[in-house]
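Down below is the structure, laid out as structure tokens.
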Amino acid sequence: MDAYDKGSDARQGLGRDGGEGPPGPDDAAEQTGGSDGTEEASAPGETGETGKTGKTGEPVEVPEAREVPEAPSGPRTGVAALSPRYQVGAVAALVAVAVAVCAHIGLVFLHVAPSNTLTKEHGSAVDEWVFPEFEQNWKLFAPNPLQQNVAVQVRAEVGTADGGIRTTGWYDLSAEDGRAIDGNPLPSHTVQNELRRAWDFFVSSHDSEDRPVGLRGSLSETYLRRIALLRLDRNGAAGPGGVVERVQYRSRTTNVEPPPWSGEKVSDRPTYRELPWWSVTPERDDGNRDDGNRKDGARKDAGERGAA
């Protein structure tokens, strides 16, 4: 009974003088707390830390921070996808290609560079590598660039349908190429370089008497013959029923006029280089010059008539 009274006193509170007394308004508020019989201190949503309880009084679980797993890397590609043995082979192949490219660039550089100790000692090896696939028509640090205009012209002897022979006029092949290039934003490599390179090939492989030097000289003559036949056929030089039997080339060289401030004086008169007649008929085209066969045949016919 005493314990129960003490417990009741503990809930009801003591008087101001420490004795028992009726509960006051404050004590009643502390005792009752709310209409639903729960204590005010434990009422959900009224007290407590923000974010840990909701409006309904149910605790809110705060999700723990989780580590994001790394995305798996994709499959290996290229050399890395090969096995170690094949990787070694691929690296060796790349090294070999790099060495070959460096060697090629070095040989081409020696070909276009001015004369030096290496080109004097190994010039033949350099030429064997460069010619003919990698031939270069320019020189590094050229002291005297070309200051001339070279026009290549050709004419033909045509066998007519009635058995006669007539000689055409000169066809300026360089002028034809120039007209094909002018106004053309994308001229073909053939139009720009075929005739020019063929003529340079002939000049560099013949001596001052127009005699071929080695096999390259004969090859250059054959090349010019074919170009002449193509160009003459394009221009209709043979005419109806006619056949081109022989062709003759010549070059017309004129100096480029120097600028006024240079004070240099050059001749404005053209110079000509006329080659002998070349046979182009299949039965007589043996790769050599034919500058007297027709005259020899005429003499033979005259002799047979005299004997008769």
Side-chain angles (χ1 to χ4, degrees), residues 137 146-206 208-212 216-257 267-295 297-298:
N137 63 345
L146 184 64
Q147 298 180 356
Q148 294 176 331
N149 288 324
V150 180
V152 180
Q153 303 172 348
V154 68
R155 64 177 178 177
E157 278 189 356
V158 179
T160 60
D162 57 359
I165 298 293
R166 68 178 178 86
T167 303
T168 66
W170 290 101
Y171 291 88
D172 195 336
L173 305 184
S174 297
E176 293 178 1
D177 289 346
R179 288 191 295 269
I181 294 173
D182 290 343
N184 188 352
L186 296 173
S188 67
H189 179 76
T190 302
V191 173
Q192 296 181 81
N193 299 314
E194 180 187 56
L195 179 64
R196 179 180 61 83
R197 295 297 300 277
W199 185 255
D200 290 343
F201 184 26
F202 174 85
V203 172
S204 62
S205 59
H206 284 69
S208 58
E209 301 296 328
D210 296 329
R211 292 174 298 194
R216 290 172 58 83
S218 300
L219 180 61
S220 66
E221 291 183 7
T222 303
Y223 190 29
L224 281 177
R225 281 189 181 95
R226 293 178 178 177
I227 293 176
L229 286 177
L230 290 174
R231 299 296 185 91
L232 292 171
D233 181 68
R234 186 185 304 171
N235 288 283
V243 177
V244 176
E245 296 187 0
R246 296 200 305 172
V247 297
Q248 184 182 29
Y249 275 96
R250 77 174 182 181
S251 64
R252 181 180 184 272
T253 304
T254 55
N255 294 315
V256 176
E257 185 179 357
S267 175
D268 57 354
R269 298 184 59 184
T271 58
Y272 293 91
R273 178 181 179 178
E274 193 168 296
L275 305 184
W277 286 94
W278 292 337
S279 173
V280 294
T281 52
E283 62 272 16
R284 289 188 295 177
D285 189 6
D286 56 355
N288 298 319
R289 290 186 302 273
D290 184 26
D291 52 359
N293 289 348
R294 185 174 299 279
K295 294 180 180 179

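Keep in mind that what you see is a predicted model, and the values were worked out from it rather than measured. Positions are given from 1, in the same order as the sequence printed here. All heavy atoms count here, side chains included; hydrogens, waters and symmetry mates do not.
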Can you confirm whether His206 sits close enough to Phe201 that some side-chain heavy atom of one is under 4.5 Å from a side-chain heavy atom of the other? no
Set of residues satisfying side-chain hydrogen bond (donor to acceptor under 3.5 Å, both in side chains) with respect to Asn255, sequence neighbours excluded: Gln148
Sub-3.5 Å donor-acceptor pair from the side chain of Tyr249 to the main-chain atoms of Leu224, do we have one? yes
Nearest 0.5 Å, please: how far is CG in Leu230 from CG in Leu173? 11.0 Å
Listed by chain and number, what are the side chain to side chain contact (heavy atoms under 4.5 Å, CB included) partners of Ala156, not counting sequence neighbours? Val158, Thr168, Leu232, Val244, Val247
Of all heavy-atom pairs linking Ala238 and Val243, the shortest is CB-N, 4.2 Å
Got a second to check how far Glu157's CD is from Ile165's CD1, nearest 0.5 Å? 6.5 Å
Using side-chain hydrogen bond (donor to acceptor under 3.5 Å, both in side chains) as the criterion, list what pairs up with Arg226, not counting sequence neighbours. none
For Glu257, is the CD atom crowded, meaning more than 12 foreign heavy atoms sit under 6.0 Å from it? no
Correct closest heavy-atom pair for Glu274 and Asp210 would be O-OD2, 4.0 Å
Can you give each donor-acceptor pair under 3.5 Å made by side-chain atoms of residues 176-184, sequence neighbours left out, with the distance rounded to 0.1 Å?
from   : atom 1 : to     : atom 2 : distance (Å)
Glu176 : OE2    : Asn235 : ND2    : 3.2
Asp177 : OD1    : Arg231 : NH1    : 3.3
Asp177 : OD1    : Arg231 : NH2    : 3.2
Asp177 : OD2    : Arg231 : NH2    : 3.4
Asn184 : OD1    : Leu186 : N      : 3.1

Measure the spacing between CD of Glu194 and CH2 of Trp199 and express it to the nearest 0.5 Å. 14.5 Å
Does a side chain donor of either Arg250 or Tyr272 reach within less than 3.5 Å of an acceptor in the other side chain? no
Please say whether the positively charged group of Arg246, taken as NZ for Lys or CZ for Arg, lies over the ring of Trp278, i.e. under 6.0 angstrom from the six-membered ring centre and within 45 degrees of the axis. no
Would you compute the distance between atom OG of Ser205 and atom CG of Leu219 and round it to the nearest 0.5 angstrom? 8.0 Å
Quick one: closest heavy-atom pair of Phe202 and Arg273, and the distance? CE2-NH2, 4.1 Å
Taking only residues two or more places apart in sequence, or in another chain, which ones meet Asp200 in a side chain to side chain contact (heavy atoms under 4.5 Å, CB included)? Arg196
Could you check whether any side-chain heavy atom of Asn149 comes within less than 4.5 Å of a side-chain heavy atom of Thr253, counting everything from C-beta outward? no
From Arg252 atom CZ to Ser174 atom OG, the distance as rounded to the nearest 0.5 Å: 11.0 Å
Heavy-atom pair with the smallest gap, counting every atom of Ser218 and Pro212: N-CB, 3.8 Å
How would you list, by chain and number, every residue that makes a side-chain hydrogen bond (donor to acceptor under 3.5 Å, both in side chains) with Thr160, sequence neighbours excluded? Asp162
Hey, mind stepping through Trp277 and Arg155 against side-chain contact (heavy atoms from CB on, under 4.5 Å) and telling me if it holds? CA-CA 9 Å; Trp277 286 94; Arg155 64 177 178 177; 3.6 Å; yes
